[in-house]
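These figures come from a predicted structure and were not determined experimentally.
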Amino acid sequence: MRTWLTVADNSGCTEADVHHAIGGDVGLKAGLGDIITASVKEATPESAVKAGTVVKCVVVRMRKEARRKDGTTSGFDDNAAV
């Protein structure tokens with residue numbers, strides 16, 4: 001919670017602040033594929049989404065390494081949502 005995310009879609013929003021994790025461990029933390037509610041902090045001027053709007057997002061990238069069933073791990077340079 002209270003984490004800033006990079007937005008990885010073409011909605012015009014560039015950064016968002018996480019408020020609550022809907023999916024995941026009882027709303028305390030979210031992982032890959034979990035749905036979260038976030039507030040738009042930065043947006044491009046011509047976008048339909050404006051700063052301050054509360055939106056629902058899906059986490060698509062995490063800095064924390066996620067382990068897969070085959071034993072490999074994947075980690076990214078930033079936290080991102082769509």
Side-chain angles (χ1 to χ4, degrees):
M1 297 189 34
R2 306 304 296 174
T3 301
W4 282 58
L5 301 172
T6 304
V7 179
D9 61 4
N10 60 355
S11 65
C13 175
T14 56
E15 289 189 349
D17 182 22
V18 177
H19 286 287
H20 184 72
I22 296 172
D25 189 18
V26 193
L28 298 177
K29 56 186 175 181
L32 287 174
D34 289 338
I35 299 172
I36 58 171
T37 57
S39 174
V40 176
K41 292 298 180 183
E42 292 182 12
T44 57
E46 64 274 355
S47 69
V49 180
K50 300 299 179 192
T53 306
V54 176
V55 294
K56 289 187 180 180
C57 306
V58 176
V59 178
V60 293
R61 289 195 303 256
M62 288 190 329
R63 282 187 177 162
K64 175 69 177 168
E65 294 177 349
R67 186 169 181 175
R68 297 182 181 151
K69 290 183 180 180
D70 63 357
T72 60
T73 58
S74 66
F76 297 94
D77 290 335
D78 63 343
N79 299 319
V82 174

Worksheet entry | Joint cluster assignment, Val82 & Phe76, ILVMFWY side-chain distance < 4.5 Å | no

Worksheet entry | Whether Thr44 side chain and Gly12 backbone form a donor-acceptor pair below 3.5 Å | yes

Worksheet item: Residues two or more places apart in sequence or in another chain: which of them pass salt bridge (Lys or Arg N to Asp or Glu O under 4.0 Å) with Asp78?
Response: Arg61

Fill in: Close side-chain approach of Ile36 to Ile22, heavy-atom, < 4.5 Å
no

Worksheet item: What is the minimum heavy-atom distance between Val59 and Ala30, and which atoms define it?
Response: CG2-CB, 4.4 Å

Worksheet item: Are any non-hydrogen side-chain atoms of Val58 and Asp34 less than 4.5 angstrom apart?
Response: no

Worksheet item: Quick one: do Asp77 and Arg63 make a salt bridge, cutoff under 4.0 Å?
Response: no

Fill in: Shortest non-hydrogen contact from Val49 toward Ala43
O-CB, 3.4 Å

Response to the item:
So the salt bridge (Lys or Arg N to Asp or Glu O under 4.0 Å) pairs with at least one residue in residues 40-59 (sequence neighbours excluded) are none

Worksheet item: Would you say the side chain of Arg68 lies within less than 4.5 Å of the side chain of Ser74, judging by non-hydrogen atoms?
Response: yes

Response to the item:
CZ of Arg67 to OG1 of Thr73, rounded to nearest 0.5 Å, is 8.5 Å

Practice prompt. Flag yes if Met62 and Leu5 sit in one hydrophobic cluster, no otherwise; membership is Ile, Leu, Val, Met, Phe, Trp, Tyr, and two members link when side-chain heavy atoms are under 4.5 Å apart.
Written response: yes

